[in-house]
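Beneath this line is the structure, given in structure tokens, with notes to follow.
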There are 2 protein chains.
Amino acid sequence: MSTILSSLTLTIPEKIYIKDPQSSKLGRRILEYSIQLIRQEGLEKFTFKKLAKKINSNESSVYRYFENKHMLMLYLISWYWGWLEYKLVFRTNNIEDKEDVLKRAIIAITETPRRDETFGFINEEELHYIIVQEYSKAFHTKDVDEENENGYFIIYRRLVERLSKIILNYNPSYCYPLTLSNTVIQGALKQNFLHQHFKHLSDFKETDEEPITKFFQNLIFNSLK
Amino acid sequence: MSTILSSLTLTIPEKIYIKDPQSSKLGRRILEYSIQLIRQEGLEKFTFKKLAKKINSNESSVYRYFENKHMLMLYLISWYWGWLEYKLVFRTNNIEDKEDVLKRAIIAITETPRRDETFGFINEEELHYIIVQEYSKAFHTKDVDEENENGYFIIYRRLVERLSKIILNYNPSYCYPLTLSNTVIQGALKQNFLHQHFKHLSDFKETDEEPITKFFQNLIFNSLK
DNA sequence: CAAATTTAAAAGTAATACTTTCATTTTAAT
DNA sequence: ATTAAAATGAAAGTATTACTTTTAAATTTG
């Protein structure tokens, strides 16, 4: 993606944060370095105290932006889904051929991200890494239903719906567009995780290029034809 | 499944526990009631203290069986995978037709379990519920690689490999048997979760019978044909 | 029945996840 | 440039958690 759109910012549902972290220097430092620190320590051992120390700030200051680390994680996850949505739209824009649109959509969602300068202070490559490791913990809580009502997952919903429409557009008689859309989006993350930590449960070789994308393209086009 | 085999017990890797919970009355009570309590409270709010109170025992006694709640969860998850493996083998045993074998395998893995008397003190229906909600938390830790080396996930591995062989047997030229096998096993759990908590992201109606099974059968057979 | 093992009760420790208070700095408005 | 408002930092405080230790009582086993 180009740096032309570098003034773009992704909008995250207000209820997720106390004070908008994109609105201040400290807030942006919190986002930038929390990704680094979560990657280093893992979500379990990551604390606001450690983060504050890392950015030469104070625990209580971090708490003024996010209620707790769970909410910070929800913020980062929303950011990630928003970014995927943006990629999806950008890459399929102005394309006529329905098969081509679906092909490009699958690539946008399943490819391994490289550092991308579009949104300045977020390192997309590193964010992808922590999403792969940690995202399901933020979903799978006792309070999902309540959090869902609060709109915490609205960006994910939009992403799934967008992809499902592209699927349905390609094959209008397919019965499971939403289910397949979910399967691709979440399955891609899961396969990344398995490929990293359970090599023997993966069919891919080190030399394969974007094997996860290839798997899902094969799966989807065979399934929809 | 019948109750004929009620004396069967599933073998769980030794390293997961300190003292085998299947070997004593207290141990079995720990397993039985931990499932209930995790379901009630969610894994986050579940503590050994609460569990001990529920079974009229003591915190320190529970710690003599499991190092911590993470290990208890790994035990329950291994038990679940072991149970799926058992179902898979039992249901496909003596069947000749390769397509039929694969069909039955998909059912065994993706169907919604009912209370099954095969293994006495474990409520399979309730276990399935907590696996759907919580299992990915036990996978996605900073220590996966180490835990993997310790053999904590060996039963999962066996299950994935078994299903992948059935897939490959049905279509020997298919390139991604392991990846597809993982996608089905983990995807089925994920779809259960979505169906429960994100109804609008699901194509299924309340009246559909075993829609998740149908989705995966459609996906796999279209993809392998 | 005696010895070995298991369990219960209670108290203790270190870390975590916040909260509160108050002083200081920064920013924004006139 | 002055002042009020807002944001930040430092430090101390609280409740809970996750686990450990010790000792005594109960249970099992040989």
Side-chain angles (χ1 to χ4, degrees), chain A residues 14-34 37-38 40-76 121 134 137-138 140-143 146-147, chain B residues 14-34 37-38 40-76 121 134 137-138 141-143 146-147 152:
Chain A
E14 281 191 20
K15 284 188 178 173
I16 290 184
Y17 49 79
I18 297 170
K19 179 186 154 107
D20 182 2
Q22 298 201 57
S23 74
S24 78
K25 209 176 149 189
L26 179 64
R28 286 187 294 269
R29 284 172 65 76
I30 288 173
L31 295 181
E32 185 175 351
Y33 290 96
S34 63
L37 196 55
I38 291 170
Q40 259 181 51
E41 307 262 320
L43 188 59
E44 271 66 42
K45 288 175 189 161
F46 166 87
T47 67
F48 279 3
K49 202 168 197 167
K50 287 179 190 167
L51 175 61
K53 200 178 169 189
K54 188 175 182 109
I55 59 178
N56 293 316
S57 177
N58 196 272
E59 201 185 356
S60 58
S61 302
V62 181
Y63 274 106
R64 286 198 187 89
Y65 285 85
F66 293 102
E67 206 185 320
N68 50 47
K69 72 176 170 184
H70 174 65
M71 297 309 291
L72 169 58
M73 195 66 206
L74 283 182
Y75 187 98
L76 295 173
F121 53 98
E134 318 284 0
K137 290 172 207 164
H140 291 244
T141 67
K142 219 20 199 179
D143 309 316
E146 200 189 319
E147 297 188 347
Chain B
E14 280 191 20
K15 284 187 176 174
I16 290 184
Y17 49 80
I18 298 169
K19 181 187 153 109
D20 182 1
Q22 297 200 56
S23 73
S24 78
K25 209 176 148 189
L26 180 63
R28 287 186 295 269
R29 284 173 65 77
I30 288 173
L31 296 180
E32 184 175 353
Y33 289 96
S34 63
L37 196 55
I38 291 170
Q40 258 180 53
E41 307 263 321
L43 189 59
E44 271 67 42
K45 289 175 188 159
F46 167 87
T47 67
F48 279 3
K49 200 168 198 168
K50 287 181 191 166
L51 174 62
K53 200 179 169 189
K54 192 177 179 103
I55 60 178
N56 293 316
S57 176
N58 196 271
E59 202 183 356
S60 57
S61 302
V62 180
Y63 275 106
R64 285 201 185 85
Y65 286 85
F66 294 101
E67 204 186 322
N68 50 45
K69 73 176 169 186
H70 174 65
M71 298 309 291
L72 168 58
M73 195 67 206
L74 283 183
Y75 188 99
L76 294 174
F121 54 97
E134 320 283 1
K137 290 172 206 164
T141 66
K142 220 20 197 176
D143 310 316
E146 201 190 318
E147 297 188 346
Y152 294 177

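Chain letters run A, B, ... following the sequence lines, proteins first, then strands; residues in each count from 1.
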Q: Specify the separation, in whole Å, of atom CG of B:Leu26 and atom C1' of D:dA25.
A: 16 Å
Q: Starting from the C-alpha separation in whole Å, work towards a yes-or-no answer on side-chain contact (heavy atoms from CB on, under 4.5 Å) for B:Leu31 and B:Gln22.
A: CA-CA 8 Å; B:Leu31 296 180; B:Gln22 297 200 56; 4.2 Å; yes
Q. When you look at A:Glu147 and A:His70, which way does the side-chain hydrogen bond (donor to acceptor under 3.5 Å, both in side chains) test go after all the steps?
A. CA-CA 11 Å; A:Glu147 297 188 347; A:His70 174 65; 3.0 Å; yes
Q) For the pair made of CD1 in A:Ile55 and C1' in D:dG9, what is the distance, rounded to whole Å? A) 12 Å
Q | First of A:Lys19 and B:Phe48 reached from the 5' end of DNA chain D, by closest nucleotide | A | A:Lys19
Q: State, yes or no, whether a side-chain contact exists between B:Ile30 and B:Phe48 at a heavy-atom distance under 4.5 Å.
A: no
Q. Between D:dA18 and B:Lys49, is there an OP1 or OP2 to side-chain N/O distance shorter than 4.0 Å?
A. no
Q) Between B:Ile18 (CD1) and D:dT20 (C1'), how many Å, whole number? A) 12 Å
Q | Earlier contact from the 5' end, DNA chain C, for A:Arg64 and A:Glu59 | A | A:Glu59
Q) OP1 or OP2 of D:dT8 less than 4.0 angstrom from a side-chain nitrogen or oxygen of A:Tyr65, does that happen here? A) yes
Q: Give one of base, sugar-phosphate or nothing for A:Ser60, where a contact means two heavy atoms less than 4.0 Å apart.
A: base
Q) Side-chain contact, heavy-atom cut-off 4.5 Å: B:Arg29 with B:Phe121? A) no
Q: With sequence neighbours left out, write down each residue that passes side-chain hydrogen bond (donor to acceptor under 3.5 Å, both in side chains) with B:Lys50, or none if nothing qualifies.
A: B:Glu41
Q. When the nearest nucleotide of DNA chain D is assigned to B:Tyr63 and to A:Lys25 on a heavy-atom basis, which residue is associated with the more 5' position?
A. A:Lys25
Q) Roughly how bent is the helix from C:dC1-D:dG30 to C:dT30-D:dA1 end to end, in steps of 10 degrees, with each end axis from five pairs? A) 30°
Q. Once you round it to whole Å, what is the distance between P of D:dC19 and CG of B:Asn68?
A. 5 Å
Q | Short side-chain N/O contact from A:Asn58 to OP1 or OP2 of D:dA11, under 4.0 Å | A | no
Q) Please give, in whole Å, the distance from D:dA18 C1' to A:Glu44 CD? A) 14 Å
Q.
Any base atoms under 4.0 Å from B:Ser61, or only sugar-phosphate, or nothing? Heavy atoms, all strands.
A. base
Q. Of B:Tyr17, B:Tyr65, B:Phe46, which is the lone residue that meets side-chain contact (heavy atoms from CB on, under 4.5 Å) with B:Leu72?
A. B:Phe46
Q) In whole angstrom, what separates A:Phe66's CZ from D:dT8's P? A) 13 Å
Q) First and last nucleotide of DNA chain C touching chain A, 5' to 3', heavy-atom cut-off 4.0 Å? A) C:dA17 to C:dT20
